[in-house]
**Student:** 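Here it is, the structure, as structure tokens.
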Protein chains: 2
Amino acid sequence: MQDNLKLDNQLCFRLYTASRLLTQAYHPLLSGHGLTYPQYLVLMVLWEKDAMPVNDIAKRLLLETNTVTPLLKRMESDGLVTRSKGRDDARQMIVRLTPKGLGLQEKLSCVPEKLGSAVICDSVTPDTIPTLFKMLDDIILKLKR
Amino acid sequence: MQDNLKLDNQLCFRLYTASRLLTQAYHPLLSGHGLTYPQYLVLMVLWEKDAMPVNDIAKRLLLETNTVTPLLKRMESDGLVTRSKGRDDARQMIVRLTPKGLGLQEKLSCVPEKLGSAVICDSVTPDTIPTLFKMLDDIILKLKR
DNA sequence: AAGTTTTATATCGTTTACGATGCAAATATA
DNA sequence: TATATTTGCATCGTAAACGATATAAAACTT
């Protein structure tokens, strides 16, 4: 068989696996707070800028609104955010942090550090991570039309 | 706020996004053959070595059997594989390619090349891809206990 | 102003993922 | 050989993802 159809030669499989495993590594740090990883991502977006319409959150995470809407509804019923109709544009749903959602920022402040140290190894060090970031950023830029 | 809680500083978010976008890029190349990306991964595993028990396929893909089992059942009902009880070990389900599943190998032989060219850019070139592979492999190795 | 198009969000259906749990066959141990 | 443990797979419940489609509000066009 051709080498290019071998699993070990696939970039996508590596990304897919690394992504899943790293997300799994977040699990014990988030589940205690009742959070999933995508919900944690939404919180990070809102911690940077509160009161965002659904569309802006989706764009920031490069997700479709039909993924984000149910995610936000779950977060609303968990008391992490509120969703209310936009004043100027009645089509928009403005998402805002609740005190509970805001309060998690402090409680989760140690998470990135813990995860960071979980991936440090031979080829991935503070020196080489910028290279990795650049490559992933370029791939992402190339793939989002 | 601390920089380490910013989305743009997260490795996991990059991997998660790059993985999703690259998987999406596979979609138009696979959907015509009735395949999803995880199903394509299973085919790659079986093209390398046919007649594998569920467990070996799951291990190769670093997935849990409770993910792979329903995936294989769908592939069975799509006529891509057969599943039959192991002769020596009655607990095992041996998965085998059908002629249809085997035949897809040729039809999909151009997929890796197309996807490869889809990610080539400034920082990701035939020269630098080995570096990227090494970093992702090390991360994966570190994270799978 | 009436009609058309676009935009923002939601709904629906299908397929992953995965933690938790169940069950039967194989293996190890008493 | 009887019992306990492990192993391989399956089932269940929940939460993403995402293509396709629907709906209402806004913006644009005539």
Side-chain angles (χ1 to χ4, degrees), chain A residues 12-13 16-28 30-32 34-42 52-78 80 83-95 143-144, chain B residues 12-13 16-28 30-32 34-42 52-78 80 83-95 143-144:
Chain A
C12 190
F13 177 58
Y16 164 80
T17 303
S19 169
R20 282 191 309 102
L21 294 182
L22 195 46
T23 301
Q24 284 176 31
Y26 274 91
H27 189 260
L30 298 179
S31 64
L35 286 178
T36 64
Y37 180 70
Q39 290 173 6
Y40 171 67
L41 290 180
V42 169
M52 294 180 81
V54 172
N55 208 19
D56 289 12
I57 296 173
K59 282 214 175 88
R60 185 82 174 92
L61 298 176
L62 299 176
L63 289 167
E64 301 297 321
T65 58
N66 56 4
T67 297
V68 174
T69 292
L71 209 166
L72 290 170
K73 281 187 171 180
R74 282 185 287 270
M75 294 179 75
E76 182 182 38
S77 70
D78 289 345
L80 297 168
R83 303 184 319 128
S84 50
K85 273 215 180 117
R87 199 164 299 195
D88 43 334
D89 188 333
R91 292 170 303 180
Q92 291 186 332
M93 282 296 272
I94 310 295
V95 182
L143 291 174
K144 67 172 178 193
Chain B
C12 189
F13 176 58
Y16 163 81
T17 303
S19 168
R20 282 192 310 102
L21 294 183
L22 195 46
T23 300
Q24 284 175 33
Y26 273 91
H27 189 261
L30 299 179
S31 63
L35 286 178
T36 64
Y37 180 70
Q39 291 173 4
Y40 171 67
L41 290 181
V42 169
M52 295 181 78
V54 172
N55 208 18
D56 290 11
I57 297 174
K59 282 214 174 87
R60 185 81 174 91
L61 298 177
L62 299 176
L63 289 167
E64 301 297 320
T65 59
N66 56 3
T67 298
V68 174
T69 292
L71 208 166
L72 290 171
K73 282 188 171 181
R74 271 176 235 118
M75 293 179 75
E76 182 182 38
S77 69
D78 289 347
L80 297 168
R83 303 184 318 128
S84 50
K85 273 214 179 118
R87 199 165 300 194
D88 44 330
D89 189 333
R91 291 169 304 179
Q92 292 186 331
M93 282 296 272
I94 310 295
V95 183
L143 290 175
K144 67 173 176 191

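We name chains A, B, ... by the order of the sequence lines, and we start the count at 1 in each one. These figures come from a predicted structure and were not determined experimentally.
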**Student:** Would you mind telling me which of Leu22(B), Thr23(B), Thr17(B) makes a side-chain contact (heavy atoms from CB on, under 4.5 Å) with Ser19(B)?
**Tutor:**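 It is Thr23(B); the other options fail the test.
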**Student:** Each nucleotide in nucleotides 8-16 of chain D should get exactly one letter: B, S or -. Can you fill that in based on protein heavy atoms under 4.0 Å?
**Tutor:** SBSB---SS
**Student:** Does a side-chain heavy-atom distance below 4.5 Å link Met93(B) with Lys85(B)?
**Tutor:**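 Side chain of Met93(B) against side chain of Lys85(B), heavy atoms only: contact under 4.5 Å found.
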**Student:** Reading DNA chain C 5' to 3', which nucleotide is the first, and which the last, to come under 4.0 Å of any heavy atom in chain B?
**Tutor:**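 Span of nucleotides near chain B: dT15(C) to dA26(C).
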**Student:** Minimum heavy-atom separation for Leu143(B) and Ala18(A), please, with both atom names.
**Tutor:**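 Closest heavy-atom pair between Leu143(B) and Ala18(A): CD1-O, 4.4 Å.
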**Student:** Of all the heavy-atom pairs spanning Arg20(A) and Leu62(B), show the shortest one and how long it is.
**Tutor:**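 In this case the closest contact between Arg20(A) and Leu62(B) is NH2-O, 2.9 Å.
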**Student:** Which heavy atom of Gly86(A) sits nearest to which heavy atom of Ile94(A), and what is that distance?
**Tutor:**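 Gly86(A) and Ile94(A) have their closest heavy atoms at CA-CG1, 3.7 Å.
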**Student:** Are Val42(A) and Leu80(A) close enough that some pair of their side-chain heavy atoms sits under 4.5 Å apart?
**Tutor:**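 No, too far: nothing below the 4.5 Å cut-off.
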**Student:** Quick one: ring-ring contact (aromatic ring centres under 6.0 Å, His included) partners of Tyr16(B), sequence neighbours excluded?
**Tutor:**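 Result, ring-ring contact (aromatic ring centres under 6.0 Å, His included) vs Tyr16(B): Tyr37(A).
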